[in-house]
Amino acid sequence: MTIKTRFAPSPTGHLHVGNIRTALHNWMFAKKQGGVFLLRLDDTDAERSKEEYVTAIREDLAWLGMAPDEEQRQSARFDRYEAQLEKLKASGRVYPAYETAQELDLKRKIQLGRGKPPIYDRAALALADAEMAAFEAQGRKPHWRFKLDHEVPITWTDLIRGDQHFNPALLSDPVIRREDGSWLYILPSAIDDIDMEITHVVRGEDHVANTAVQIQMFRALGAEPPEFAHEALLVGTEGKLSKRLGSLGVSSFRERQIEPQAIIALLARIGTSDPVEPIVAVEPLIATFDFSRFGRAPARFDKEELAQLNQKIVHLLDYDEVQRRLPEDMDAAAWEVIRPNLHDMGNVDQWWQVVTGPVPVAELSPEDREFLSIAHARLEELEASDYLWKSLTDALKDATGRKGKPLFMPLRQALTGLDHGPDMNALLPLIGKAAALARLAKAAA
RNA sequence: GGCCCCUUCGUCUAAGGGUUAGGACGCGGCCCUUUCACGGCUGAAAUACGGGUUCGAAUCCCGUAGGGGUCACCA
């Protein structure tokens with residue numbers, strides 16, 4: 001049997017870290033088994049679903065390198081849901097209810113006030129035909145609920161959480177369809193999982209109770225439930241499931257010059273017993289992916305940790321991977337020289353500026369300026385070569401007796417305008433003899 | 001409030017009765033580098049609390065505290 005996972009976001013907003021993590025785990029699990037990764041847009045809510053978010057979700061997944069193998073959307077399958085609902089009606093597993101949202105809300109408040117769990121009381125189940133007819137006569141239309149079988153305990157072995165047990169009597173019969181005919185996600189999701197032959201449902205632990213309900217739905221529809229893996233949610237650095245985390249999307253990562261590889265490397269490992277490591281290629285990440293390594297406690301997502309990982313990732317990036325984002329005339333050799341000093345890809349221009357100039361003129365003492373004019377004279381006599389820096393500093397050592405910091409720091413400042421930066425041995429050939437002479441002359445003046 | 005899950009260095013975690021409680025990230029120090037960074041080495045750093053069970057508990061049991069989730073005509 002081929003493995004098939006699905007990522008089922010509702011296009012009511014952009015993907016955020018939590019979403020991305022879930023998508024990633026679905027994708028990695030499928031890839032590890034040579035399976036299929038399905039993107040299913042849960043757009044049953046026509047009010048809130050927007051086409052721009054559909055596009056954004058596709059683009060974000062592609063940018064992260066996990067384009068789906070297949071795409072489906074629930075809005076195209078309403079006929080199918082209708083047909084399946086009829087079957088459930090026929091087998092008595094769904095029933096009409098006429099309460100208004102306000103009435104239900106009131107009931108819940110009363111239950112809560114009494115210290116009881118706010119579970120639907122199944123009043124609609126006791127309705128006589130005449131009462132229903134009366135509601136219909138008033139023009140009231142029913143919404144539909146799925147009838148949980150209270151006699152059958154719900155159990156499954158979760159790939160992350162282990163054996164799970166739910167008492168169906170402690171769960172509300174879920175509303176599956178509104179009076180206006182629109183669908184709630186829970187039944188369509190189960191129908192889709194069956195029809196699309198999903199073998200593994202990987203989602204956040206906020207769905208465990210839904211899974212309990214859906215397991216009865218699968219069975220009521222004559223299907224065996226798939227495997228389930230519910231992962232612990234991500235929390236922010238404050239320890240709470242932060243609102244800020246919900247707004248951290250791909251666009252904010254792009255703005256902050258975070259490479260997709262860094263996001264993948266962090267999200268693949270965070271909350272697992274494997275260490276978060278700067279790994280650029282996705283294959284080793286996939287190879288170590290294993291649900292048994294997932295912790296059950298919420299993991300902390302730290303933007304700072306992501307930034308640090310990103311820096312290490314940048315230091316591992318090959319020239320061909322970044323070439324199209326580099327200044328046009330920057331070659332592989334220059335990339336190698338500049339790369340170790342990068343904080344993120346946003347620093348490239350700054351360092352390339354140091355090579356191509358112009359650079360700011362350093363403030364120097366009269367002694368240093370005199371030293372630099374000697375340096376200028378010596379450099380003029382030298383051949384441009386890969387060892388230009390060594391030849392120059394050797395010559396100056398002999399000529400002036402300077403050594404150590406007093407020897408090289410004025411040179412670095414004159415040549416780069418900065419007191420830190422890439423190795424001058426590598427940098428000077430990049431700057432070139434002519435430009436170096438000009439900078440020395442300017443700083444000595 | 002009911003139900004479910006969780007609690008080991010700052011962070012992510014390993015160790016399912018006997019360990020100097022291990023690793024990774026971060027942090028400190030040293031080395032390398034005629035700068036910064038990179039890299040190498042090294043150090044500090046944890047079993048939430050209280051009771052049991054046991055020769056022996058991070059590990060099993062109970063309780064307390066704390067955290068997370070859920071209990072929608074959202075997904």
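Residue numbers begin at 1 in each chain, while the letters A, B, ... track the order of the sequences. Here the structure is a predicted model, which means the values were calculated and not measured.
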Original post:
Using a cut-off of 4.0 Å between protein heavy atoms and nucleotide atoms, how would you tag nucleotides 26-42 of chain B 5' to 3' with B, S and -?
Top reply: S-------BBBS-----
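When the C1' atom is used for both B/A58 and B/G26, the distance is 24 Å, rounded to whole Å. Comparing the same atom, C1', in B/U20 and in B/G1 gives a spacing of 47 Å after rounding to whole Å. For the C1' atoms, the distance from B/U64 to B/G28 is 37 Å, rounded to whole Å. A distance of about 36 Å separates the P atoms of B/A65 and B/G23, rounded to the whole Å. For the P atoms, the distance from B/G51 to B/A15 is 28 Å, rounded to whole Å. Taking atom C1' in both B/G22 and B/C31, one finds a spacing of 26 Å when rounded to whole Å.
Put simply, A/Arg108 has no side-chain N or O that comes within less than 4.0 Å of OP1 or OP2 on B/C71. Residue A/Arg296 places at least one side-chain N or O closer than 4.0 Å to OP1 or OP2 of B/C6.
Counting only residues at least two apart or on different chains, the ring-ring contact (aromatic ring centres under 6.0 Å, His included) pairs with a member in residues 276-298 of chain A are A/His25-A/Phe289, A/His25-A/Phe294, A/Phe29-A/Phe291, A/Phe289-A/Phe291, A/Phe289-A/Phe294, A/Phe291-A/Phe294.
Between A/Arg6 and A/Asp192 there is no salt bridge, since no side-chain N of the basic residue sits under 4.0 Å from a carboxylate O of the acidic one. Between A/Lys312 and A/Glu259, none of the side-chain N atoms (NZ, or NE/NH1/NH2) sits under 4.0 Å from a carboxylate O, so this pair counts as no salt bridge.
Residue-level contact check: A/Val175 touches the backbone only, with heavy atoms under 4.0 Å from sugar-phosphate atoms and none from bases.
Evaluation of atom-type donor-acceptor distances gives a pair under 3.5 Å for the side chain of A/Glu179 against the base of B/C73.
In this structure, the ring-ring contact (aromatic ring centres under 6.0 Å, His included) partners of A/Trp351, at least two apart in sequence or on a different chain, are A/His420.
Within a heavy-atom distance below 4.0 Å of RNA chain B, the residues of residues 138-162 of chain A found are A/His143, A/Arg145, A/Arg161.
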Considering only nitrogen or oxygen atoms on both sides, find all protein atoms under 3.5 Å from nucleotides 9-12 of chain B and state each distance.
unit_1 : atom_1 : unit_2   : atom_2 : d
B/C12  : OP1    : A/Arg300 : NE     : 3.3
B/C12  : O2'    : A/Gly271 : N      : 3.2
B/C12  : O2'    : A/Thr272 : O      : 3.3

Please table the atom pairs, donor to acceptor, closer than 3.5 Å between any side-chain atom in residues 112-120 of chain A and protein atoms at least two apart or in another chain.
unit_1   : atom_1 : unit_2   : atom_2 : d
A/Tyr120 : OH     : A/Glu99  : OE1    : 3.2
A/Tyr120 : OH     : A/Glu99  : OE2    : 2.6
A/Tyr120 : OH     : A/Ala124 : N      : 3.1

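The partner of B/U47, taking Watson-Crick or G-U wobble pairs whose two distances both stay under 3.5 Å, does not exist in any strand shown.
A 4.5 Å side-chain heavy-atom check between A/Leu187 and A/Leu88 finds at least one atom pair inside the cut-off.
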**OP:** Go through A/Arg219 and A/Asp149 one step at a time and tell me if the salt bridge (Lys or Arg N to Asp or Glu O under 4.0 Å) criterion holds.
**Re:** CA-CA 11 Å; A/Arg219 298 243 157 82; A/Asp149 185 343; over 6 Å; no
